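Here the structure is a predicted model, which is why all the values come from computation and not from measurement.
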Amino acid sequence: MEDRKIRVRFAPSPTGGLHLGGVRTVLYNYLFARQQQGTFVLRIEDTDQSRYVPGAEEYIYKCLAWCGLLPDESPLKPGAYGPYRQSERKPLYLKYAEQLIARQQAYYAFDTAEELDKMRSYFKTEENPSPQYDRHTRMNMKNSLVLTEAETQQLIHSNTPYVIRIKMPENEIISFTDMVHGEVSFNSSLVDDKVLLKADGMPTYHLAVVVDDFLMKITHAFRGEEWLSSAPVHILLWKYLFGLEWMPQWAHLPLILGPHGKLSKRDGAKYGFPVFAMNWTDPKTNELTEGFYEKGFLPEAFINQLAVLGWNDGSEQELFDINELIAKFSLDRVHTSGAKFDFEKAKWFNQEWIKKLSVSQLRIPIKQIFEDKGIAIQDEDAFDSIIELVKDRCTLLPDFYIQASYFFKKPEQWDVASVKPKWNLEKSEFFNALIKKMNDLPHWEMHEIENIFKSLATEKNIKAGELQLPFRVMLVGGKFGPAVFMIAEKIGKDETIGRVSAALNIFNA
RNA sequence: GCCGCGUUGGUCAAGGGGUUAAGACGCCUCCCUUUCACGGAGGAAUCACGGGUUCGAAUCCCGUACGUGGUACCA
């Protein structure tokens with residue numbers, strides 16, 4: 001048991017966007033697998049045909065690829081334990097359900113949806129708003145526990161739809177040791193008779209997760225804490241079907257919360273931050289939910305923040321690359337309590353990673369942004385130096401466009417308001433004279449430009465400082481950016497002169 | 001309602017019987033910078049509450065409150 005090869009899995013259901021919590025679960029799986037020289041498998045939990053969403057599975061691969069968290073085994077890259085889509089494993093599950101029935105650990109139930117509703121509303125009281133299908137109610141229902149063997153067989157043979165439910169034992173303490181929560185226990189009397197096999201022959205999550213984790217030899221199972229309350233069902237199933245000694249070690253990860261509790265797509269829309277890894281468009285409603293990728297996050301930053309949202313190494317370090325995470329990650333330092341996602345901090349992580357990465361690593365995504373905006377980059381070396389010049393001012397990737405587009409085209413508008421109040425004839429004349437001086441300048445180089453600028457200012461008896469701001473606004477459009485004379489050097493003599501005279505017309509108007 | 005899991009500044013968090021209760025984000029002040037940032041120096045702000053145990057509790061125990069998840073032929 002102890003020397004089994006480590007195998008972990010991420011098992012999403014392809015029903016929509018991949019949210020923060022999902023990515024973090026992938027990440028912890030990935031880190032653990034890499035650290036332990038194990039195998040990371042991706043299994044698609046598509047047992048609910050009514051929730052099938054076209055494109056969702058491809059989307060998951062895309063997100064994992066962007067994050068750099070690719071699985072070792074998946075539907076696209078099958079290993080020895082396929083198929084990796086539960087819908088394709090359908091024939092596997094029935095025999096396990098029947099085995100449970102044979103041992104009276106499960107039973108057939110023929111209740112229709114209407115009959116279930118009826119039962120629930122009949123037993124519903126103020127104290128018990130949601131009655132369960134359990135030891136209190138099951139003997140009032142239509143199932144093989146109350147029907148005779150002959151009646152049951154008759155119903156099955158006449159193709160009456162049925163499900164198979166687990167028969168929860170009475171008053172048994174079910175406990176296990178969770179890798180993050182420690183000892184957790186439940187009383188079986190309080191757990192309902194969960195459906196294991198649906199009327200369409202598909203297993204529910206409860207059966208599928210146990211059967212597949214066994215068949216795929218999963219050793220450690222990470223999932224969100226929302227699954228903790230159904231853990232007793234899974235544990236019982238392991239005990240009945242395969243033996244507890246083969247059960248993976250569970251780790252129920254704390255939830256990632258939004259500003260007001262559970263993180264929802266709504267929060268993202270409402271507070272202006274993404275909740276999905278990448279843009280997701282619901283094919284039915286056409287509704288678009290923004291992703292971190294499109295928002296301009298670096299995968300390194302995204303992963304880094306998710307890693308430390310619920311885990312830390314005990315030191316003051318906050319910035320980790322993937323290799324450090326692989327080396328340092330440990331389940332016993334994963335928190336037990338949920339954490340609110342803080343978009344401000346997310347931006348900080350991105351900014352830090354922009355500073356951390358080399359220009360050549362940054363170039364590709366930034367170049368893409370410029371090209372999407374219609375600015376073709378021919379000279380990559382020049383582009384690199386511009387990236388270097390402005391990177392301290394950027395927190396999200398699109399900021400590079402805002403901070404550097406004026407190197408490639410003249411400003412679309414000028415921040416006239418910050419110039420106008422102090423604008424006068426003398427200043428206007430200064431710039432006219434400056435145009436001439438610049439024109440005559442043989443070496444177009446920042447210090448030389450600065451020299452003529454300052455000596456002209458002295459000559460005209462105006463403080464150079466008061467002229468630099470208008471000059472800046474003329475060249476970049478606003479009050480931002482690196483040293484003005486550097487900008488002038490980069491955009492060139494003709495362009496500088498052109499922008500000064502164009503702006504002069506506006507300022508003098 | 002019932003069951004599970006939680007609770008250290010606004011947020012992320014370290015600390016797990018004796019600490020001036022780290023650090024980070026955000027916020028504020030100042031320095032640097034005749035732009036915006038970066039950077040630097042400071043500041044405000046925390047152990048949910050009530051009982052125990054103990055010489056001593058943020059740390060251990062019990063309650064309460066609050067939050068959160070579950071309570072589907074969804075995962």
Could you pull out the protein-nucleic contacts involving nucleotides 27-34 of chain B (nitrogen or oxygen on both sides, under 3.5 Å)?
{"from": "rU34(B)", "atom 1": "O4", "to": "G465(A)", "atom 2": "N", "distance (Å)": "3.3"}

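- Between the side chain of Y28(A) and the backbone N or O of A307(A) there is at least one donor-acceptor pair closer than 3.5 Å.
- Put simply, R333(A) has a side-chain N or O that comes within less than 4.0 Å of OP1 or OP2 on rG15(B).
- The cationic atom of R393(A) (NZ for Lys, CZ for Arg) does not lie both less than 6.0 Å from the six-membered ring centre of F480(A) and within 45° of the ring axis.
- Here R165(A) reaches the OP1 or OP2 of rC73(B): one of its side-chain N or O atoms lies under 4.0 Å away.
- Contact annotation: R223(A) does not reach the phosphate of rA75(B) (side-chain N/O to OP1 or OP2, under 4.0 Å).
- One finds no side-chain N or O of S185(A) lying less than 4.0 angstrom from the OP1 or OP2 phosphate oxygen of rG4(B).
- A close approach under 4.0 Å does not occur between any side-chain nitrogen or oxygen of H335(A) and OP1 or OP2 of rG6(B).
- In this model, no side-chain donor or acceptor of K194(A) finds a partner on the base of rA72(B) within 3.5 Å.
- The only option from R223(A), H181(A), E226(A) that meets the side chain to side chain donor-acceptor pair (under 3.5 Å) definition with H252(A) turns out to be R223(A).
- An anti orientation is assigned to rC36(B), its glycosidic angle lying beyond 90° of 0.
- The closest donor-acceptor contact from the side chain of S188(A) to the backbone of P169(A) lies under 3.5 Å.
- Here N312(A) does not reach the OP1 or OP2 of rC12(B): none of its side-chain N or O atoms lies under 4.0 Å away.
- Checking the phosphate oxygens (OP1, OP2) of rG6(B), a side-chain nitrogen or oxygen of H181(A) falls inside 4.0 Å.
- One C1' atom belongs to rA21(B), the other to rA13(B), and the distance between them is 12 Å to the nearest Å.
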Return the polar atom pairs (N/O with N/O) between nucleotides 37-40 of chain B and the protein under 3.5 Å, or none.
{"from": "rA37(B)", "atom 1": "O2'", "to": "D392(A)", "atom 2": "O", "distance (Å)": "2.5"}
{"from": "rC38(B)", "atom 1": "O3'", "to": "K355(A)", "atom 2": "NZ", "distance (Å)": "3.2"}
{"from": "rG39(B)", "atom 1": "OP1", "to": "K355(A)", "atom 2": "NZ", "distance (Å)": "2.9"}

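- Phosphate contact (OP1/OP2 of rA75(B), side-chain N/O of K198(A), threshold under 4.0 Å): present.
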